[in-house]
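Lettering of chains follows the sequences in order, A, B, ..., and the numbering in each one begins at 1. Values below: every heavy atom of this structure, side chains too, minus hydrogens, waters and symmetry copies.
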Number of protein chains: 2
Amino acid sequence: MEANNIDSAQSHLQYQREDSLFTPMGECSAEDLARLFREKGLRMTQQRAEIFQEVVRSRSHPGAEKIFEKVKRIMPSISLDTVYRTLTTLEELGLVRRLNHPRGGARFDSMGPGHHHFICLECGEIVDCFLNEAEEGILGSLSRDIGSVKSIHVEIRGLCSQCSHKVPITAHNGQNH
Amino acid sequence: MEANNIDSAQSHLQYQREDSLFTPMGECSAEDLARLFREKGLRMTQQRAEIFQEVVRSRSHPGAEKIFEKVKRIMPSISLDTVYRTLTTLEELGLVRRLNHPRGGARFDSMGPGHHHFICLECGEIVDCFLNEAEEGILGSLSRDIGSVKSIHVEIRGLCSQCSHKVPITAHNGQNH
DNA sequence: GGGGCTAATCAGAATGATTCTTATTAACCA
DNA sequence: TGGTTAATAAGAATCATTCTGATTAGCCCC
């Protein structure tokens, strides 16, 4: 299943991207990343670069374990703990978003163009969803009267088109993911 | 801190409330609950009734452990496992919503009138947010082309008004909750 | 109104994801 | 280029949550 680009015009959710490193195409160079780290007083390590690249490259909202397996191929001595620590760091820097999967465990997504998520309750797949600018604007107005807003995220749950077809009434089929 | 009723007109999010037991005021009688359980072939137990009441009564989005402590006062022999099992059952029946707290662990909220959540990144507090109809309409449009939608939930993160005042730059203050 | 079937509970063990600890390594500033 | 110290690796520890197996109690039927 591919990203569900609901509207041709992609959105710009300012809240999440104030000083984003990403281009409108969702790219972020290694130099930019290194610079951001240094600005924050952090060190740019091989591990951090690889983990970040893996998250940006991946379209499938992987969990920490999956990222670990992938990076391990390039860097066999890396530890799972480093993956977790780095993902937390990247999240704090606003470069990565952590999603809680209904079946447990966190999934990670790069903060490319601001977007939202659909999660299939049957197969567990997570799909990106985009709003147009007008729509994001209306959501943005949610911030009135609340303190300062850092991010707005919409999570839709249901059955993806594949699962809503193939699954009639049964209780617990398909355990992909 | 009280519920942040952002707009005077409360919303009607059909997706989450198809056959809700709740009145528009967010109430649900013990008889209705018992009937729903029986319809689904489940048994109405003391434990389930108490746990449900505790979630409905509570405005603070408690975690399982907190619900356990509360119910234990009335029913000292109850086990934490029963609380977890019951919360999952209530969630499956659409009576309770599970929220993932950024600091780990799940929080629970009754499915009263459809609403969304603001989470303070500083103190961890979760506050209810209501959208007006236009805003809910926007959310509805997110579902075009996706399979069948079961729920739409907006999660806003930021600093609540209290924390945005009292917290200047420091890294990790306030550990309420 | 009581008996039997079986779902639901309790207690504690087990699991799985994530975080901590400690010694070691490697960024990067001077 | 060396010293400082943040970041890492490995494995132990923790935390929330789920499972196991024996026991209890809803509730359907008589």
Practice problem: Return the 5'-most residue of the pair B/Phe108, B/Arg38 with respect to DNA chain D, ranking by each residue's nearest nucleotide. | Solution: B/Phe108

Exercise. Go through the N and O atoms of the side chain of A/Arg43 and the base of D/dA6, and report whether any donor-acceptor pair is under 3.5 Å.
Key: yes

Counting the atoms with a prime plus P, OP1 and OP2 as sugar-phosphate, which does [X] contact under 4.0 Å by heavy atoms, base, sugar-phosphate, or nothing?
{"X": "B/Glu65", "value": "nothing"}
{"X": "A/Arg85", "value": "base"}
{"X": "B/Leu80", "value": "base"}

Quiz item: Looking at C/dA11, D/dT17, C/dT18, which one has an atom nearest to any side-chain atom of B/Ala106?
Solution: D/dT17

I need the [atom1]-[atom2] distance between [X] and [N], as an integer number of Å.
{"X": "A/Gln47", "N": "D/dA6", "atom1": "CD", "atom2": "P", "result": "17 Å"}
{"X": "A/Leu93", "N": "D/dA7", "atom1": "CG", "atom2": "P", "result": "11 Å"}
{"X": "A/Phe37", "N": "C/dC29", "atom1": "CZ", "atom2": "C1'", "result": "19 Å"}
{"X": "A/Asp81", "N": "D/dT14", "atom1": "CG", "atom2": "C1'", "result": "13 Å"}
{"X": "B/Arg48", "N": "C/dA7", "atom1": "CZ", "atom2": "P", "result": "11 Å"}
{"X": "A/Phe68", "N": "C/dA17", "atom1": "CZ", "atom2": "P", "result": "13 Å"}
{"X": "B/Gln46", "N": "C/dA7", "atom1": "CD", "atom2": "P", "result": "20 Å"}

Quiz item: Do you know which two heavy atoms are closest between B/Arg97 and B/Ile152, and how far apart they sit?
Solution: NH2-O, 4.4 Å

Self-check item: B/Gln46, CD: over 12 other non-hydrogen atoms inside 6.0 angstrom
Solution: no

Exercise. Over 60° means perpendicular and under 30° means parallel, so classify the ring planes of B/His61 and B/His117, tilted if in between.
Key: perpendicular

Quiz item: What distance separates A/His101 NE2 from B/Asn100 CG, expressed to the nearest 0.5 Å?
Solution: 11.0 Å

